Asks: 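Take a look at the following structure, please.
None of the values given here were measured: they were computed from a predicted structure. Here is how names work: the chains are called A, B, and so on, in the same order as the sequence lines, proteins then strands, and each is numbered from 1.
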Amino acid sequence: MNKYRTHTCGELNIKNNGKEVLLSGWINKKRDHGNLLFLDLRDNYGITQCVVEKNNPNFIEIEKLPLETVIKINGKVIKRSEDTINREIKTGEIEISISSYEVLGATKELPLPVFSDQEYAEEIRLKYRFLDLRRKKIHQNIILRSEVISFIRSEMQNLGFHEFQTPILTSSSPEGARDFLVPSRLNPGKFYALPQAPQQFKQLIMVSGFDRYFQIAPCFRDEDARADRSPGEFYQLDLEMSFVEQDDVFEVVEKLMTKLFKKFSKNKLLFEKFPKIKFSDAMLKYGTDKPDLRNPLEIYDVTDIFKREDVKFEIFKKLVKTGSIARCIVTKKTKDKPRSFFDGIDNWAKGQGASGLAYFTLEKEDKLSGKGPVGKFFGVQALEEIMKASSAEVGDSIFLACGKQNEVEKILSQARQKIAHDLNLIDENTFAFCWIVDYPMFEKDEITNKIKFSHNPFSMPQGDIKKLDLSKPLDIKAYQYDIVCNGVELSSGAIRNHIPNLMYKLFEVAGYNKQTVDEKFSGMINALSYGAPPHGGIAPGIDRIVMLLAGEKNIREITLFPMNQNAQDLMMNAPSSVSEEQLKELNLILKKKK
RNA sequence: GGGGGUGUAGCUCAGUUGGUUAGAGCGAUCGCCUGUCACGCGAUAGGUCGCGGGUUCGAGUCCCGUCACUCCCGCCA
């Protein structure tokens with residue numbers, strides 16, 4: 001028999017009535033009546049109420065045990081009377097009458113209470129993460145994460161994928177995020193980099209003939225944190241497949257995601273077959289390449305309206321003349337909304353750093369008119385044109401933004417979410433997946449004006465690769481795609497370019513000569529020269545998937561031991577200083593702080 | 001690198017126009033209480049008001065600087 005327990009704290013019920021049992025766990029809560037003491041014992045599996053009476057020789061001692069002490073109790077399962085049953089917990093029909101106890105782990109005074117649903121400052125939660133993790137909600141989030149990962153592993157295996165590990169110490173790559181560097185002792189002055197993703201390795205696995213690979217892969221990027229982005233490290237479901245086209249990758253991922261989200265969430269899936277939206281359409285209709293499709297609002301281009309004679313909105317007209325664009329969001333049947341609703345959105349936009357959102361409502365008494373601050377600037381025919389361009393009807397309202405394309409896209413994409421939220425248009429109990437496809441291969445760097453890869457330099461360009469017109473690089477589309485759910489970008493993926501000559505050409509457009517490519521991507525480019533299969537893949541972010549399933553908005557709520565915003569582990573004291581000895585061994589000298 | 005928010009007891013927070021000895025709940029300690037499940041009641045301890053400077057007869061409160069945490073922008077192929 002186990003020395004510590006015969007049962008867990010979550011399993012005893014009426015069927016065990018009268019049984020002598022051993023339970024071990026934490027003291028979750030005490031209710032002391034002086035001559036009668038209730039004690040809730042908690043472990044990973046649940047809570048069991050234990051009871052001691054004054055006549056027990058241990059009564060005074062048990063009464064004094066602080067919360068969160070780990071104890072073992074010996075006692076008898078007793079059926080509770082009908083009026084004292086607790087329906088909230090699994091073990092609520094019984095309680096344990098304690099006959100003896102033993103302290104297994106004493107506790108100091110707690111820096112934060114475990115028994116509480118209150119919110120606590122991150123700093124204290126992260127420093128005492130082991131206490132924080134005992135709390136119900138986060139404890140369950142972490143278990144959910146574990147189960148999600150197990151499920152993914154078994155499903156991927158069912159789909160014919162093999163899991164492989166790839167190196168953690170690898171080489172620095174010139175594109176992309178900042179690398180974490182690790183100095184090499186055996187090669188003084190040289191550094192390893194932690195992988196930003198196993199991108200090159202997974203392609204090498206395909207060249208090695210393994211056909212279908214996946215990995216729950218740790219990825220390291222030295223970039224600043226956000227609520228939905230851990231500093232430093234995160235996990236991807238990295239996968240790659242040989243002899244496939246874009247749709248083959250989509251099929252695998254859709255199968256996996258629908259099964260996963262149905263299993264771990266009660267929320268409905270809005271689409272079983274995920275819609276495919278062209279990047280350019282997404283930017284026009286939603287102002288972003290990660291649209292929340294639960295949101296019914298769309299954006300319409302109305303630039304041409306401001307070239308009309310019967311439009312007197314001079315600020316916009318002037319901007320349009322100098323190359324700005326004008327776009328709008330239409331809200332249905334909002335003519336009776338109070339002024340505060342409209343001004344609230346205008347003020348919110350100003351708070352976002354935009355020049356605000358102009359608005360008016362379409363009304364018709366004798367004739368069509370625009371009601372609201374800028375409504376008077378539009379003639380009847382202009383209003384009709386706006387209605388045509390934006391599918392608006394009488395009673396709807398128009399929110400307008402004008403400026404440079406990327407500024408308008410940005411503010412309207414945010415406004416789209418803000419307005420939908422204010423009007424309560426988003427069903428929180430659904431998941432809306434979609435694919436964003438047809439990304440451009442290159443884009444212009446706004447500061448340097450140089451052509452650069454817009455996403456992954458290893459992506460395959462679309463069209464006939466023999467007739468590819470490299471003189472117009474901005475027109476080239478790639479077999480590059482994103483999967484998005486509820487406005488959260490889960491992943492990017494691509495069909496890869498497995499043809500070395502084509503890759504050299506594309507890199508040249510982005511300003512890398514052959515020699516640089518050979519040097520920086522030697523492993524890859526060399527491998528592709530020895531018979532590489534066409535291949536492609538994707539890498540959905542595990543953390544964000546679990547966030548969506550857990551309904552959390554902060555990635556730390558689904559991460560066991562996260563770092564804070566400054567990439568410090570407050571519990572382990574990382575990063576930390578190292579000894580002179582260690583530095584010497586690594587051939588490193590630290591610059592003195594000024 | 002930039003912008004916003006927060007910082008008062010172990011924890012969560014209140015603290016008015018600058019004005020006596022800075023408060024509450026939870027937790028801790030002590031006492032009372034035999035059916036609670038956020039048990040109840042009473043008492044006690046617990047404070048460099050993030051830190052530094054300034055204005056003032058007087059600063060938790062106003063001003064300047066600084067630090068920490070957090071959210072956002074930049075960044076994240």
Asks: Give A/Glu119 one of three labels, base, sugar-phosphate or nothing, depending on what nucleic acid heavy atoms sit under 4.0 Å from its own.
Replies: sugar-phosphate
Asks: When you measure only distances, ignoring hydrogens and angles, does the side chain of A/Gln49 come within 3.5 Å of the base of B/U36 through a donor and an acceptor?
Replies: yes
Asks: Taking only the side-chain heavy atoms of A/Phe38 (C-beta and beyond), determine which of B/C73, B/G35, B/C33 contains the nearest atom.
Replies: B/G35
Asks: What is the separation between atom CZ on A/Arg229 and atom C1' on B/C73, rounded to the nearest whole Å?
Replies: 11 Å
Asks: Using the salt bridge (Lys or Arg N to Asp or Glu O under 4.0 Å) definition, which of the options A/Lys29, A/Arg135, A/Arg134 pairs with A/Glu68?
Replies: A/Arg134
Asks: Starting from C1' on B/U34, measure out to CD1 on A/Ile62 and report it in whole angstrom.
Replies: 16 Å
Asks: What contact category does A/Asp222 fall into here, base, sugar-phosphate, or nothing, at under 4.0 angstrom with non-hydrogen atoms?
Replies: nothing
Asks: Determine, for A/Asp40 against A/Arg31, whether the closest basic-nitrogen to carboxylate-oxygen distance falls under 4.0 angstrom.
Replies: yes
Asks: Before accepting this row, confirm whether a basic side-chain N of the pair A/Glu82/A/Arg87 lies closer than 4.0 Å to the acidic partner's carboxylate O.
Replies: yes
Asks: Between A/Lys108 (NZ) and B/G10 (P), how many Å, whole number?
Replies: 15 Å
Asks: Map every base of RNA chain B to its dot-bracket character, where paired means a Watson-Crick or G-U wobble contact with both distances under 3.5 Å and | marks a partner outside the strand.
Replies: (((((((..((((.....[...)))).(((((.......))))).....(((((..]....))))))))))))....
Asks: Considering only heavy atoms and no angle criterion, is a donor-acceptor pair shorter than 3.5 Å present between the side chain of A/Arg556 and the base of B/U70?
Replies: no
Asks: Remember a base hit wins even if backbone is also touched, and classify A/Ser81 as base, sugar-phosphate or nothing at under 4.0 Å, heavy atoms.
Replies: nothing
Asks: After noting the C-alpha distance and the side-chain angles of A/Arg145 and A/Asp543, does the key distance pass the salt bridge (charged side-chain N to carboxylate O under 4.0 Å, His left out) rule?
Replies: CA-CA 8 Å; A/Arg145 184 189 177 110; A/Asp543 311 82; 3.1 Å; yes
Asks: Looking at A/Arg496 and A/Glu240, is there a salt bridge between them, counting it only when a charged N and a carboxylate O are closer than 4.0 Å?
Replies: yes
Asks: Pairing donors with acceptors under 3.5 angstrom, does anything connect the side chains of A/Glu53 and A/Asn35?
Replies: no
Asks: Return the nearest nucleotide to the side chain of A/His33; candidates are B/G35, B/C76, B/C11.
Replies: B/G35
Asks: Are side-chain N/O atoms of A/Asp518 and A/Tyr504 paired as donor and acceptor at under 3.5 Å?
Replies: yes
Asks: Figure out the CG/P separation between A/Asn564 and B/U70, and round it to whole Å.
Replies: 5 Å
Asks: With a 4.0 Å cut-off on N to O distance, would you call A/Asp238 and A/Lys202 a salt bridge?
Replies: yes
Asks: Could you label the plane-to-plane angle of the A/Tyr481 and A/Trp435 rings as parallel, tilted or perpendicular, counting under 30° as parallel and over 60° as perpendicular?
Replies: perpendicular
Asks: Looking for any heavy atom pair under 4.0 Å, which part of the strands does A/Lys410 touch: base, sugar-phosphate only, or nothing?
Replies: sugar-phosphate
Asks: Only counting residues at least two apart or in another chain, list the ones meeting side-chain hydrogen bond (donor to acceptor under 3.5 Å, both in side chains) with A/Gln568.
Replies: A/Asn564
Asks: I'd like to know if the side chain of A/Asp482 pairs up with that of A/Tyr439 as donor and acceptor (distance under 3.5 Å, no hydrogens or angles considered).
Replies: yes
Asks: Looking at the side chain of A/Pro111, which of B/G35, B/G10, B/U70 is the nearest nucleotide?
Replies: B/G10
Asks: Please report the distance, rounded to the nearest Å, between CG in A/Asp132 and C1' in B/C69.
Replies: 15 Å
Asks: Quick one: sort the A/Phe220 and A/Phe180 rings into parallel, tilted or perpendicular, breaks at 30° and 60°.
Replies: perpendicular
Asks: Between A/Lys127 (NZ) and B/A68 (P), how many Å, whole number?
Replies: 15 Å
Asks: Looking at A/Asn566, does any N or O in its side chain come under 4.0 Å of the phosphate oxygens OP1/OP2 on B/C69?
Replies: yes
Asks: Given atom CD of A/Glu63 and atom P of B/U36, what is their separation to the nearest angstrom?
Replies: 18 Å
Asks: Go through B/U12, B/U36, B/C72 for me and flag the one nearest to the A/Arg80 side chain.
Replies: B/U36
Asks: Does a side-chain N or O from A/Asn35 land closer than 4.0 Å to OP1 or OP2 of B/G35, or not?
Replies: no
Asks: Go through B/U70, B/C73, B/U34 for me and flag the one nearest to the A/Leu126 side chain.
Replies: B/U70
Asks: For a quick check of understanding: with a heavy-atom distance under 4.0 Å over all strands, which category does A/Glu122 fall into, base, sugar-phosphate or nothing?
Replies: sugar-phosphate
Asks: Between A/Asp482 (CG) and B/C76 (C1'), how many Å, whole number?
Replies: 13 Å
Asks: Just to be sure I understand the rule, does A/Ile124 reach a base, reach only the sugar-phosphate, or reach nothing, if contact means heavy atoms closer than 4.0 Å?
Replies: sugar-phosphate
Asks: Between the base of B/G74 and the side chain of A/Asp224, is there a donor and acceptor pair under 3.5 angstrom?
Replies: yes
Asks: Using the side-chain heavy atoms of A/Glu123, tell me which of these nucleotides is nearest: B/G35, B/C69, B/C75.
Replies: B/C69
Asks: The side chain of A/Thr84 lies closest to which of these nucleotides: B/C75, B/C71, B/C37?
Replies: B/C37
Asks: On RNA chain B, nearest-nucleotide positions of A/Arg544 versus A/Met563: which is more 5'?
Replies: A/Met563
Asks: Return a single string for nucleotides 24-29 of chain B, one symbol per nucleotide in 5' to 3' order, where B is base contact, S is sugar-phosphate-only contact and - is none, cutoff 4.0 angstrom on heavy atoms.
Replies: ---BS-
Asks: Indicate, with a heavy-atom threshold strictly under 4.0 Å, whether A/Gln568 touches base, sugar-phosphate, or nothing.
Replies: sugar-phosphate
